[in-house]
Each structure stands twice: as C-alpha cells, then as structure tokens.
Amino acid sequence: MNTTIEIPADAKVLIIDDEAANVALLTRLLQREGFQRLSSTFDPRSGLDMFRDIKPDIVLLDLMMPHIDGFQLLEAFSRLVGPHNFVPIVVLTADTSITTRRRALSLGAKDFLVKPLDAVETVLRIVNLLETRFLFLELQRLTGDIVDGGVR
C-alpha cells in the first residue's frame with residue numbers, strides 16, 4: 001500500500017466485534033499489510049479497558065453487539081480521547097440507515113465500513129485514517145502539545 005507518509009508497522013489497532021469471522025478477516029487483512037500490533041475482543045464489555053490499556057492508534061468497532069453496543073463504547077471512547085486529540089474510530093455495520101450513521105458520527109465515529117467488508121476498501125480506509133492519526137501526532141510533537149497516546 002502506497003501512502004504519503006510511512007505508517008509504522010507497530011501502529012496499534014483495536015478490533016471490537018462479537019463475530020469471530022469479522023475479527024479473523026480484519027486480522028488477516030491487516031497482517032497481510034504488515035501490521036503487527038493487533039488486539040481484539042469478541043466481548044464489548046472488555047472494550048473500554050482494552051482501549052485504556054492499549055491506547056490504540058485506531059479502533060474498528062462493530063455497532064450491534066450484546067451487553068454493550070458500539071454506540072455506548074463510542075460515547076465512552078470520545079470522553080477518554082477528549083476534544084484535543086485524535087484517535088479514529090471506524091464503525092463496522094450492516095445497518096446503513098441515515099439514523100445510524102448520524103448517531104455514530106455525532107458520538108465520534110470518523111468513518112464507516114459496511115458489512116460484508118470489501119478487503120481493498122477496508123485497508124485503504126484504515127491506512128488513510130492512520131495517516132491522519134500520525135500526522136496529528138507529529139503536529140503535537142512539533143508544537144509541544146503531546147498527550148500520552150492521544151488518550152487521557
């Protein structure tokens with residue numbers, strides 16, 4: 001994949017999806033692109049702790065899950081990240097309704113991937129958002145306004 005900046009292979013990716021097949025697909029796609037630091041969970045109840053512990057560079061988040069849905073996690077992640085940081089969250093959903101899109105965007109989602117996932121589009125969107133993430137971190141470094149991993 002050719003990008004305008006180098007995306008570190010050690011970029012931290014967090015995948016939260018209750019469907020094992022989706023996690024396996026995303027893991028394979030990202031490993032094939034050279035990503036090495038992939039974390040995932042099938043249980044959304046562990047998502048918030050994993051987010052705090054891992055301090056991911058990007059989150060791939062299913063919306064419709066048992067116990068805690070993606071909307072609740074989006075809201076919690078947005079509070080942790082705060083308004084002056086950038087950790088992109090990509091929503092994974094089969095629900096393409098305008099209500100779902102608007103709600104997710106209003107809670108902090110930066111992009112959508114529609115299930116079933118298209119492999120090429122998925123990788124391109126992830127790489128594009130990671131490029132923005134690392135440009136943001138570089139700007140923070142240059143201005144001296146650094147927050148630990150973009151997470152409070």
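Excluded from the calculations below are hydrogen atoms, water molecules and symmetry mates; all remaining heavy atoms, backbone and side chain alike, are included.
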| query | Looking at residues at least two apart in the chain, or sitting in another chain, which of them share a side-chain contact (heavy atoms from CB on, under 4.5 Å) with L105? | reply | F112

| request: Say whether, by atom type as modelled, one donor and one acceptor occur between the side chain of T100 and the main chain of T96 under 3.5 angstrom. | output: no

| task | Would you mind listing every salt bridge (Lys or Arg N to Asp or Glu O under 4.0 Å) that reaches into residues 87-102, with sequence neighbours excluded? | result | none

| query | Within the distance-only criterion (no hydrogens, no angle test), does the side chain of S78 pair as donor or acceptor with the backbone N or O of L107 below 3.5 angstrom? | reply | yes

| Closest heavy-atom contact between L61 and G70? | CD2-O, 3.5 Å

| message | Could you work out, with side-chain contact (heavy atoms from CB on, under 4.5 Å) as the rule, every residue matching T27, not counting sequence neighbours? | response | I15, V23, Q31, L38

| note | ring pair (Phe, Tyr, Trp, His ring centres under 6.0 Å) filter on F77, not counting sequence neighbours, yields F51

| task | Can you sort out the partners of E138 under salt bridge (Lys or Arg N to Asp or Glu O under 4.0 Å), two or more places apart, ordered by chain and number? | result | R141

| Excluding sequence neighbours, so at least two apart, what forms side-chain contact (heavy atoms from CB on, under 4.5 Å) with Q72? | I68, D69

| Within residues 83-94 or reaching into it, pairs that qualify as salt bridge (Lys or Arg N to Asp or Glu O under 4.0 Å) - sequence neighbours excluded | none

| message | I need the minimum non-hydrogen distance between L73 and L48, along with the two atoms involved. | response | CD2-N, 4.1 Å

| field | For I54, all residues meeting side-chain contact (heavy atoms from CB on, under 4.5 Å), sequence neighbours excluded | value | K12, L14, S39, M50, P56

| task | Sort and list the pairs that fulfil salt bridge (Lys or Arg N to Asp or Glu O under 4.0 Å) and have at least one residue in residues 36-50, not counting sequence neighbours. | result | D43-R45, D49-R52

| Listed once per pair and sorted, the salt bridge (Lys or Arg N to Asp or Glu O under 4.0 Å) pairs that draw on residues 107-119, sequence neighbours left out | D17-K115, D62-K115, D111-R125

| task | Might you point out which heavy atoms bring D57 and P88 nearest each other, and give the distance in Å? | result | O-CD, 3.2 Å

